[in-house]
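Contents: one structure, followed by commentary.
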Amino acid sequence: MKYALRGITAEELSYSMNRIKVAPDTKFEIKPQFSRTIRRVQENDKIWFVTLEVKVESTEESPKPFNLKARLVGVFEAEDVNTDEDKQVLAISTTEIVYPYLRAAVSSLTANAFINPMILPVIPAGTMFPEDRGETSFNVPDALKN
């Protein structure tokens with residue numbers, strides 16, 4: 001199997017400040033929520049779209065000083081993706097390529113909002129999503145199942 005990145009686009013970047021009253025020394029627990037979708041183009045089975053998204057949302061139970069959403073789409077050309085193992089390797093590898101761009105977008109978005117930049121952690125791609133954590137068998141991500 002071989003694959004190549006053909007492009008990355010920002011499908012959505014949004015930031016909004018939440019005006020909440022808190023004590024001056026309040027520390028917020030900001031837990032970003034990640035999601036991923038992977039789709040293959042029907043007209044050209046060599047083209048794959050990998051969408052990574054991160055959200056920070058304020059709720060009444062867990063208030064946050066801001067809401068944030070960043071969604072990037074990587075376009076890949078891949079050949080010889082025939083087995084479940086190939087599909088899992090493609091999912092992990094393409095996630096590993098797109099994730100640093102997502103990290104940079106979030107840092108830039110928050111820095112440009114004149115707050116301390118939010119820097120997402122470095123996460124090994126094979127551990128980011130539960131379906132990628134198979135140890136001995138190959139677990140095909142739901143997004144790749146036909």
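In this chain, numbering begins with 1 at the start of the sequence shown. Since the model is a prediction, treat every value here as computed from it, not as a measurement.
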Stepwise side chain to side chain contact (heavy atoms under 4.5 Å, CB included) test for Met17 and Ile115: CA-CA 10 Å; Met17 177 69 73; Ile115 65 169; 4.1 Å; yes
OH/Tyr101: more than 12 non-hydrogen atoms of other groups inside 6.0 Å: no
Exceeds 12 heavy-atom contacts within 6.0 angstrom, atom CG of Asn82: yes
Would you kindly confirm whether [X] and [Y] end up in one hydrophobic cluster when ILVMFWY residues are joined by side chain heavy atoms under 4.5 Å apart?
X     : Y      : value
Ile8  : Val106 : yes
Val41 : Ile97  : no
Ile92 : Leu90  : no

Pairwise side-chain contact, [X] with [Y], heavy-atom cut-off 4.5 Å (strictly under):
X      : Y      : result
Asn18  : Ser58  : yes
Gln33  : Val54  : no
Met118 : Leu120 : yes
Thr95  : Leu52  : yes

Side chain to side chain contact (heavy atoms under 4.5 Å, CB included) evaluation trace for Thr110 with Leu68: CA-CA 9 Å; Thr110 52; Leu68 178 138; 3.6 Å; yes
Side-chain (Ser107) to main-chain (Ala104) donor-acceptor, under 3.5 angstrom: no
Ser16 backbone acceptor or donor facing Asn67 side chain under 3.5 Å: no
Shortest non-hydrogen contact from Lys46 toward Glu79: NZ-OE2, 3.8 Å
Closest non-hydrogen atom pair, Ser62 against Lys64: OG-NZ, 2.6 Å
Salt-bridge present (Asp132, Arg36; N to O < 4.0 Å): yes
Salt bridge Glu11-Arg71, side-chain N to carboxylate O under 4.0 Å: yes
Distance in Å, [X] [atom1] paired with [Y] [atom2], rounded so as to fall on 0.5 Å steps:
X      : Y      : atom1 : atom2 : result
Met128 : Tyr99  : CE    : OH    : 4.5 Å
Leu72  : Arg103 : CG    : CZ    : 13.0 Å
Phe76  : Trp48  : CZ    : CH2   : 12.0 Å

Sequence-distant partners of Thr94, side chain to side chain donor-acceptor pair (under 3.5 Å), two or more places apart: none
Inter- and intrachain pairs under ring pair (Phe, Tyr, Trp, His ring centres under 6.0 Å), touching residues 52-72, at least two apart: Tyr15-Phe66
Intermediate values then yes/no, side chain to side chain contact (heavy atoms under 4.5 Å, CB included), Phe34 and Ile123: CA-CA 11 Å; Phe34 295 95; Ile123 303 171; 4.2 Å; yes
Side-chain hydrophobic cluster, 4.5 Å single linkage: members besides Ile119: none
Partners passing side-chain contact (heavy atoms from CB on, under 4.5 Å) against Ser14 (at least two apart in sequence or in another chain): Glu12, Lys69
side-chain contact (heavy atoms from CB on, under 4.5 Å) against Val75, all qualifying residues, sequence neighbours excluded: Arg6, Ile47, Phe49
Do any side-chain atoms of residues 20-30 form donor-acceptor pairs under 3.5 angstrom with protein atoms, and if so which ones, sequence neighbours left out?
from  : atom 1 : to    : atom 2 : distance (Å)
Thr26 : OG1    : Ala23 : N      : 3.2
Thr26 : OG1    : Ala23 : O      : 2.7
Glu29 : OE2    : Lys31 : NZ     : 3.2

